[in-house]
2 protein chains.
Amino acid sequence: MPVVQREVNRFQNFLQGQGLKLTGERASLVREIFSIHYHFDADELLFKMKEKSVKISRATIYRTLELLVKSGMVRRVHLGEDHYHYEHVSGNSHHDHLVCTTCGSVIEFHDPLLEARQIEICGRKRFTPTFHNLQILGVCDSCRRKGEQPDAPDRVKMIGLSAMQLRK
Amino acid sequence: MPVVQREVNRFQNFLQGQGLKLTGERASLVREIFSIHYHFDADELLFKMKEKSVKISRATIYRTLELLVKSGMVRRVHLGEDHYHYEHVSGNSHHDHLVCTTCGSVIEFHDPLLEARQIEICGRKRFTPTFHNLQILGVCDSCRRKGEQPDAPDRVKMIGLSAMQLRK
DNA sequence: ACGCAAATGAGACTCATTCTCATTTAGCAG
DNA sequence: CTGCTAAATGAGAATGAGTCTCATTTGCGT
């Protein structure tokens with residue numbers, strides 16, 4: 001009856017359709033992933049499973065994430081870092097991300113007008129869109145209020161922004 | 001007098017401002033990069049330099065790319081692959097990308113309305129944007145006309161899209 | 001031309017991700 | 001309930017983009 005169980009069932013349906021099996025490891029991962037209402041990476045998952053004394057190998061985590069992405073239940077997102085992040089897809093709530101380059105926090109947003117405009121652009125280019133990925137990098141409200149630290153650009157390198165772009 | 005020479009000078013100005021030096025290797029790389037009117041990755045650069053018998057080590061390529069990004073002359077872009085791509089910045093023509101998931105081709109576009117809407121959204125979230133990164137994945141005109149190949153989803157895995165997302 | 005900080009090349013290293021393969025398991029047929 | 005077999009797992013090796021180290025070389029101000 002917990003909500004996450006529905007997700008496990010959803011995954012099982014997908015697996016059965018592909019002639020694949022629902023194992024204990026896969027079920028645990030789905031339960032964990034759908035309890036994280038935020039972005040995570042493979043290592044965080046590995047760590048959380050270890051915390052709960054659920055033994056799952058790194059390989060299985062990656063393999064299961066791949067299946068979940070194929071099933072559409074999980075989405076791979078780029079957050080300006082040099083490795084992948086993931087997030088679960090609840091219902092069909094697509095959203096994009098504002099990423100703070102100072103503190104690393106991520107704000108989600110969804111804007112129908114933005115989406116509509118994108119579709120218009122695609123039409124003009126005779127391009128059939130299936131999916132998109134938008135991150136807006138910048139400074140969040142609380143970091144802005146804290147003022148400019150003189151040594152702030154440290155995080156800039158990580159995220160691959162140029163000083164010039166930041167200055168714009 | 002070739003156009004690329006202006007870029008070399010631009011880079012030299014940046015380097016001097018930082019107390020850094022313009023070396024033969026750096027100049028060759030800038031000339032090469034500003035002759036590529038497309039996206040490239042570090043390995044492609046390495047290969048092209050080898051082709052021209054210009055000896056430059058992998059480390060220098062990465063180091064120079066980092067400097068060029070810092071100078072604002074080159075931009076790091078994510079194109080849905082698992083490693084970085086770069087593109088040179090000519091003037092101040094920001095643009096975004098339509099990436100075909102079938103043939104891998106990339107169409108650039110720039111849309112002021114889209115940008116304006118993004119700024120509006122940021123304002124609502126009290127977020128100060130400095131930069132953004134938008135890729136729209138989908139199928140380009142010529143691939144669409146070729147119809148659906150029964151084995152098309154091969155590239156899907158590479159790009160990390162789910163079958164469900166593609167179907168939408 | 002000198003001196004020295006900066007730059008280079010070669011290869012070692014890191015670290016996320018993928019692969020291999022021997023062993024275990026889910027789930028179907030009987 | 002039992003056996004069977006394809007699929008799944010874990011452990012660790014392999015991969016590959018990107019970074020770092022350090023001995024040697026070079027740009028460039030004096």
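Everything quoted here is computed from the prediction, not taken from an experiment.
Distances shorter than 4.0 Å separate none of the side-chain N or O atoms of B:Thr60 from OP1 or OP2 on C:dA7. Taking side-chain N and O atoms only, A:Lys55 has a distance below 4.0 Å to OP1 or OP2 of D:dA11. Of the side-chain N and O atoms in A:Arg26, one or more sit less than 4.0 angstrom from OP1 or OP2 of D:dT9. Taking only side-chain nitrogens and oxygens, B:Tyr62 never comes nearer than 4.0 Å to OP1 or OP2 of D:dT19. Under 4.0 angstrom from either OP1 or OP2 of C:dG11 there lies no side-chain N or O belonging to B:Ser57.
In this structure, A:Arg58 reaches the bases: a heavy-atom distance under 4.0 Å links it to at least one base atom across the strands shown.
Look at CZ on B:Phe47: it is 17 Å from P on D:dG16, rounded to the nearest Å. Whole-Å rounding puts the B:Ile56 CD1 to D:dT26 P distance at 14 Å. What separates CD of A:Gln16 from C1' of D:dA7 is a distance of 14 Å, to the nearest Å. B:Leu65 has its CG atom 12 Å from the P atom of C:dT8, to the nearest Å.
Between A:Tyr84 and A:His78, the angle of the ring planes lies from 30° to 60°, which puts this pair in the tilted group. Between A:Phe131 and A:His94, the ring planes are perpendicular. Angles over 60° get that label, and only those under 30° would be called parallel. In this pair, A:His95 and A:His39 present their aromatic rings perpendicular. The plane angle is above 60°, beyond the 30 to 60° band.
Between D:dG18, C:dA6, D:dG10, one nucleotide has an atom nearer to the side chain of B:Tyr84 than all others, and that is D:dG18. Residue A:Glu25 has its side chain nearest to D:dT9 when only D:dC28, D:dT9, C:dT25 are considered.
A salt bridge does not link A:Lys125 to B:Asp141: none of the charged side-chain nitrogens sits closer than 4.0 Å to a carboxylate oxygen.
Closest-nucleotide positions on DNA chain D for B:Lys21 and A:Leu15 were compared, and the one nearer the 5' end corresponds to A:Leu15.
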Checklist entry - Can you list the steps and then say if B:Arg76 with B:His85 is a side chain to side chain contact (heavy atoms under 4.5 Å, CB included)? => result CA-CA 6 Å; B:Arg76 238 184 188 181; B:His85 283 77; over 6 Å; no
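At a cut-off of 3.5 angstrom, the base of D:dG10 holds at least one donor-acceptor pair with the side chain of A:Arg63.
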